[in-house]
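All remarks here apply to the structure that follows.
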There are 2 protein chains.
Amino acid sequence: MGTPLPRDPIADAQRNWEGHGWGNEAAPMAAVTAIMRTQQILLGRIEAVLKPFGLTFARYELLALLSFARSGALPMNKASALLQVHPTSVTNAVDRLQAAGLVVRSAHPTDGRTTLIELTSEGRTLAKSATAALNSEVFAQSGFTDQDVDQLIRILSAFRKNAGDFT
Amino acid sequence: MGTPLPRDPIADAQRNWEGHGWGNEAAPMAAVTAIMRTQQILLGRIEAVLKPFGLTFARYELLALLSFARSGALPMNKASALLQVHPTSVTNAVDRLQAAGLVVRSAHPTDGRTTLIELTSEGRTLAKSATAALNSEVFAQSGFTDQDVDQLIRILSAFRKNAGDFT
DNA sequence: GCAATATACTAGGACATCCAAGGGTTTGGA
DNA sequence: TCCAAACCCTTGGATGTCCTAGTATATTGC
């Protein structure tokens, strides 16, 4: 998985598509495939930075979300909605973060069905350190130009909105 | 995970970043997060289309790759390199595809270490059907305009090249 | 020619994601 | 008032991805 390929495999796939009579779908296919691959690369970088902190991206996201909540606490279902992942994924992440002493579960004051997740002080400290590391080692050198970043935000926001992520 | 949120969570995160003194990193962070989320949405659509065929995206990718190989066969390591996934992921996918009768393993004629993966006729037929479905149900209605597609291909190709995917 | 190194694949384990199903809690309409 | 429907979280199962060995085969160097 290490050595660079002599040719762009996605461009090759696009040519294959065109050669098989799917000329109209070839370019969108290439764009979609490129997004998949780019996500893979970015996730790899992020996980590498988070590893020394004992965090995965999923756990970091939850930690970061909590650190931005005024009270430092959120209901599980709220976290699930904001992170846009399945509730069971949040359960899983909270289990591990709790085992690491970074968050605690507590009862909701008025709704017995709801469980609140709350940052511990260790969790808050770690979130801050991990965020600083990600900013300096990933986001500050993303490999995208400022214009690329603007374009991506514009294109992908429209896509996500159209896909029903938000109104 | 179903109902649309009243606000864009990524735009909110970007504002949070800016409010915490990471103004330079906020936009790249938002772009990266948007890529992660977009990949998630696209993967969901693709898996939904492939499900009736009994395929996952990982298995489909391998089938499609084989169907474009002249001989219909590829060494495992070659497939791993072209799909840009870990060799063990290919082993996993081949195990399941073989169990489904879509591919077979065979010995390399000259290199005893190498295992060739070869499409069966069922595999070739299924790959064709699944590709047609993906083209009409996902790529032909990707939600990106033609200009967006061009921009994405341009930006992400440069990114992947810069990341060392290909020369 | 034989040992040391490199390469190819597989086995086992850690994580994450989703779905389906189950048990507890609230809410709203009969 | 009260019970059915809706909601919230967790458990168990299936997939996929990666990493760390471990086994087998090739190639290289002395």
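The sequence lines fix the lettering, A, B, ..., with proteins before strands; numbering per chain opens at 1. Computed from heavy atoms alone, side chains included, the values below leave out hydrogens, waters and symmetry copies.
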**Request:** Have a look at B:Val103 and tell me which of B:Asp95, B:Leu116, B:Leu63, B:Thr120 forms a side chain to side chain contact (heavy atoms under 4.5 Å, CB included) with it.
**Result:** B:Leu63
**Message:** I'd like to know if A:Lys161 and B:Asp8 make a salt bridge, using a cut-off of under 4.0 Å between side-chain N and carboxylate O.
**Reply:** no
Rounded to whole angstroms, how far apart are [atom1] on [X] and [atom2] on [N]?
{"X": "B:Leu62", "N": "D:dT15", "atom1": "CG", "atom2": "C1'", "result": "15 Å"}
{"X": "A:Leu50", "N": "C:dC15", "atom1": "CG", "atom2": "P", "result": "14 Å"}
{"X": "B:His86", "N": "D:dA21", "atom1": "NE2", "atom2": "P", "result": "12 Å"}
{"X": "A:Phe57", "N": "D:dC18", "atom1": "CZ", "atom2": "C1'", "result": "17 Å"}
{"X": "A:Gln84", "N": "C:dT17", "atom1": "CD", "atom2": "P", "result": "13 Å"}
{"X": "A:Tyr60", "N": "C:dA16", "atom1": "OH", "atom2": "C1'", "result": "18 Å"}
{"X": "B:Asn92", "N": "D:dA14", "atom1": "CG", "atom2": "C1'", "result": "11 Å"}
{"X": "B:Ile41", "N": "C:dC18", "atom1": "CD1", "atom2": "C1'", "result": "16 Å"}

For [Y], is there any backbone N or O sitting under 3.5 Å from a side-chain donor or acceptor partner on [X]?
{"X": "B:Arg124", "Y": "B:Leu66", "value": "no"}
{"X": "B:Gln40", "Y": "A:Gln84", "value": "yes"}
{"X": "B:Ser157", "Y": "B:Ile153", "value": "yes"}

Please list, pair by pair, any protein nitrogen or oxygen found under 3.5 Å from a nitrogen or oxygen in nucleotides 2-7 of chain D.
unit_1 : atom_1 : unit_2   : atom_2 : d
D:dC7  : O4'    : A:Arg113 : NH1    : 3.4

**Request:** Carefully, step by step, assess B:Met29 and B:Trp22 under the rule side-chain contact (heavy atoms from CB on, under 4.5 Å).
**Result:** CA-CA 10 Å; B:Met29 180 283 296; B:Trp22 300 308; over 6 Å; no
Tell me whether the side-chain N/O atoms of [X] come closer than 4.0 Å to OP1 or OP2 in [N].
{"X": "B:Thr56", "N": "D:dG16", "answer": "yes"}
{"X": "B:Thr91", "N": "C:dT10", "answer": "yes"}
{"X": "B:Arg105", "N": "C:dT10", "answer": "yes"}
{"X": "B:His108", "N": "C:dA8", "answer": "no"}
{"X": "B:Arg96", "N": "D:dG16", "answer": "yes"}

**Message:** If you go through the side-chain atoms of B:Thr88, does one of them form a donor-acceptor pair with the base of C:dC9 closer than 3.5 Å?
**Reply:** no
**Asked** Nearest nucleotide by nearest heavy atom, which residue falls closer to the 5' end of DNA chain C, A:Thr110 or A:Ala58?
**Response** A:Ala58
**Asked** Between A:Glu47 and B:Lys51, who's closer to the 5' end of DNA chain C by nearest nucleotide?
**Response** A:Glu47
**Prompt:** B:Leu152, B:Ile10: one ILVMFWY side-chain cluster at the under-4.5 Å cut-off?
**Reply:** no
**Prompt:** Out of curiosity, does B:Val104 fall in the hydrophobic cluster containing B:Tyr60 (side-chain heavy atoms, cut-off under 4.5 Å, transitive links)?
**Reply:** no
**Complete:** Comparing B:Glu61 with B:Gly112, nearest DNA chain D nucleotide closer to 5' gives the residue B:Glu61
**Asked** Closest nucleotide of DNA chain D for B:Arg59 versus for A:Leu116: which of these residues is on the 5' side?
**Response** A:Leu116
**Message:** Counting only side-chain heavy atoms from C-beta out, which of C:dC9, C:dC18, C:dA16 sits nearest to B:Met76?
**Reply:** C:dC9
**Asked** With respect to the side chain of A:Val85, which nucleotide from C:dC18, C:dC9, D:dA26 is positioned closest?
**Response** C:dC18
**Request:** State the CZ-CG distance between B:Arg59 and B:Leu102, to the nearest 0.5 angstrom.
**Result:** 9.0 Å
**Message:** Over 60° means perpendicular and under 30° means parallel, so tell me whether B:Phe139 and A:Trp17 are parallel, tilted or perpendicular.
**Reply:** perpendicular
**Message:** For B:Phe68 and A:His20, take the angle between the two ring planes, folded into 0 to 90°, and tell me which bin it lands in: parallel under 30, tilted 30 to 60, perpendicular over 60.
**Reply:** perpendicular
**Asked** Between the two ends of the helix from C:dG1-D:dC30 to C:dA30-D:dT1, what is the bend in degrees, rounded to 10 degrees, where each end axis spans five pairs?
**Response** 10°
**Message:** At 4.0 Å (heavy atoms only), tell me whether B:Asp95 reaches a base, stays on the sugar-phosphate, or touches nothing.
**Reply:** nothing
